[in-house]
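For reference, the structure discussed in these notes is given below.
Every chain is numbered from 1 and lettered A, B, ... according to where its sequence line falls, protein lines coming before strand lines.
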Protein chains: 2
Amino acid sequence: MPIVDKPMSNHQSPTPPDEQAFLDGYDPALFERPSVAVDVVLLAPDEGSIHTLLIQRQEHPFRLKWALPGGFIRMNEDLEAAAARVLREKAGLKGIFLEQIGTFGAPKRDPRTRILSVAYMALVDQERFSACKAGSALARLVVPWDGEEGGPVEVLDVQGKAMPLAFDHADILGLAVKRLRGKLDYTPVGFQLLPKAFTLYDLQKVHETVLARKLNKDSFRRRMLATGLLEATGEQQDDVGHRPAALYRYSA
Amino acid sequence: MPIVDKPMSNHQSPTPPDEQAFLDGYDPALFERPSVAVDVVLLAPDEGSIHTLLIQRQEHPFRLKWALPGGFIRMNEDLEAAAARVLREKAGLKGIFLEQIGTFGAPKRDPRTRILSVAYMALVDQERFSACKAGSALARLVVPWDGEEGGPVEVLDVQGKAMPLAFDHADILGLAVKRLRGKLDYTPVGFQLLPKAFTLYDLQKVHETVLARKLNKDSFRRRMLATGLLEATGEQQDDVGHRPAALYRYSA
DNA sequence: AAAATAGTGTCTGTAAGACAATATAAC
DNA sequence: GTTATATTGTCTTACAGACACTATTTT
């Protein structure tokens, strides 16, 4: 089976005599193909900072560096299904909010061979996140405070020590945070970072953590209630040492 | 060369005795790989509607249906470089604004074999767009007026006749319009759809075309001038039959 | 002068931010 | 009662939308 690197080069086309049509009909099996993986950025809020899940590589390249959970896609598997599988296999999580954030394909991003990575963002609440640290490590993201545009992002472990990242995973993390920030204001994505029932202040803390800035309490409350996406459960907080806040749920 | 479909299945790992590490070190060349293409959604404003560039397929599958300009990526080519090459080869355009919008990878999206498509959005002004219809067709996008979320999109030719689309390209077009709409408000992306010098009303018409709704003239002008991204050229419109408007340029 | 659009000034309504007052739980 | 936070109400300010008015060109 011949492998060609320049599928777009000129050929004598038999019929029809139109080069474009010929190239469109070219059998893709003749081309050399890249490997395709999915990498999942699992994000959870934790008391003012964003946490993510990383796995320490035991093999070259980037041995002992930290990497996003990922895996190669299967030939009959949808991309999002592959991300969900990775999340299940490497974090033990099911039914998590998943969204594609971008595809990374620099030719030398993996020194071994050409591997594209379709990156996904996964959002969970703190409780489910803490329950899944099977052999892997929870890491705290260090996101530039004022930086609107997301470049690469630094990551610290629980002792505050920098965790060196493998491949271009710092860029992928940066894009994930940027995308989450962008969606927070005009989509109901913040609820994915909270348990079923939560108080308005819980919701505000999540927004403040993701956006990395303080928000006005009054207008935040007004704005959220005005969306019509919140439904009072009728329940209240318990054991809080002060007036308990009403609990809400996300009502699609 | 053995082809395996389930790279994540269990194996006896020699050293280290850690399954995860073993899988991470697995040679990706052993896995069956999909083909990867880029497809480019070229968008330009045209008197109240958005136009795009489509190419009629001459081969099966989807023979005589209309498709986005696209092509397979080369093994040493960055993804965005592949999109720029497609734009150069199929539309004769260089130096165009390009942004990745998403990757489409449903297993059966191409009936022949597994082909992923990394989709890019390209933005040009009307003049450069009109100059590039070499053998292909300009098409008018029919975007749902009120629809905030972009599903598939319909496409009409110059006579207003529906153009049936190949593959999942209606979905890709829908995502492109949705992404453009989302970025218009808080990024300087609208300028990419205009020539070097333009009037404030030109800019407003572009915004109205993309968003598919009328905008308030006064506040639009105030808002745009307040961004600090506009610089008066000192020139004016010419031959317009009324008071000429000042010309501006986009000042990064 | 008439027509047509550019550009400016002002008013108003809406929503965010600030602040004060009241409510309700644990202790 | 004290403490601490929840929740409501009111005032101020910033900005978008609306409208009126003036400016400048071609015909």
Side-chain angles (χ1 to χ4, degrees), chain A residues 45 47-48 146 148 181-182 184-188 190-191 194-195 197-251, chain B residues 45 47-48 146 148 181-182 184-187 190 194-195 197-251:
Chain A
E47 294 172 12
D146 55 336
E148 305 83 21
R181 283 180 173 175
L184 203 58
D185 285 328
Y186 62 99
T187 61
F191 305 111
L194 288 165
F198 51 87
T199 70
L200 282 172
Y201 191 50
D202 289 336
L203 184 59
Q204 180 175 350
K205 279 184 295 186
V206 162
H207 279 240
E208 289 179 341
T209 297
V210 172
L211 299 175
R213 62 188 176 88
K214 288 289 172 194
L215 296 173
N216 181 277
K217 177 179 148 189
D218 310 282
S219 63
F220 181 81
R221 165 183 297 272
R222 267 184 307 217
R223 202 152 42 89
M224 286 301 137
L225 292 174
T227 61
L229 296 173
L230 289 173
E231 186 182 20
T233 65
E235 307 278 308
Q236 286 189 339
Q237 273 183 320
D238 211 344
D239 293 331
V240 281
H242 56 77
R243 173 176 173 181
L247 290 173
Y248 292 84
R249 73 170 69 90
Y250 170 49
S251 77
Chain B
E47 295 173 12
D146 55 336
E148 307 81 21
R181 282 181 174 174
L184 203 59
D185 284 329
Y186 62 97
T187 61
L194 288 166
F198 51 87
T199 69
L200 282 172
Y201 191 48
D202 289 337
L203 184 60
Q204 181 174 347
K205 279 184 296 186
V206 162
H207 278 240
E208 289 178 343
T209 297
V210 172
L211 299 174
R213 62 187 176 90
K214 287 290 170 193
L215 297 174
N216 181 276
K217 175 183 148 189
D218 310 282
S219 65
F220 182 80
R221 165 183 297 270
R222 267 184 309 219
R223 200 152 44 88
M224 286 301 138
L225 291 175
T227 61
L229 296 173
L230 289 174
E231 186 182 18
T233 64
E235 308 278 310
Q236 287 189 339
Q237 271 183 323
D238 210 345
D239 293 331
V240 281
H242 55 77
R243 173 176 174 180
L247 290 173
Y248 291 84
R249 73 170 68 90
Y250 169 50
S251 79

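The distance from atom NE2 of B:His242 to atom P of C:dT5 is 6 Å, rounded to the nearest whole Å. For the pair A:Leu225 CG and D:dT8 C1', the interatomic distance rounds to 12 Å; values are reported in whole Å. Rounded to an integer number of Å, the gap from CE of A:Met224 to C1' of C:dA16 is 13 Å. Following rounding to the nearest Å, A:Glu235 (CD) and D:dA6 (P) show an atom-to-atom distance of 18 Å. For A:Asn216 and C:dA15, the CG to P distance is 15 Å, given to the nearest whole Å. Atom CG of B:Asp218 and atom P of D:dA14 are 20 Å apart (whole Å). Between the P atom of C:dC19 and the CZ atom of A:Phe220 lies a distance of 20 Å, rounded to the nearest Å.
Heavy atoms of A:Gln236 sit under 4.0 angstrom from primed sugar atoms or phosphate atoms, though from no base atom. Across all strands, A:Ala226 comes closer than 4.0 Å to no nucleic acid atom at all (heavy-atom distances).
Salt-bridge annotation for A:Arg221 and A:Asp218: absent, with no side-chain N of the basic residue lying under 4.0 Å from a carboxylate O of the acidic one.
Looking at heavy atoms from C-beta onward, A:Phe220 lies in side-chain contact with A:Leu203 at the 4.5 angstrom threshold. Using a 4.5 Å cut-off on side-chain heavy atoms (C-beta onward), A:Tyr250 and A:Leu194 make no contact.
Residue A:Ala245 is the one, among A:Ala245 and A:Arg222, whose nearest nucleotide of DNA chain D lies closer to the 5' end (criterion: closest heavy atom).
Taking 4.0 angstrom as the limit, B:Ser219 places a side-chain polar atom (N or O) nearer than this to OP1 or OP2 of D:dG17.
Between C:dA20, C:dT5, C:dG9, one nucleotide has an atom nearer to the side chain of B:Arg243 than all others, and that is C:dT5.
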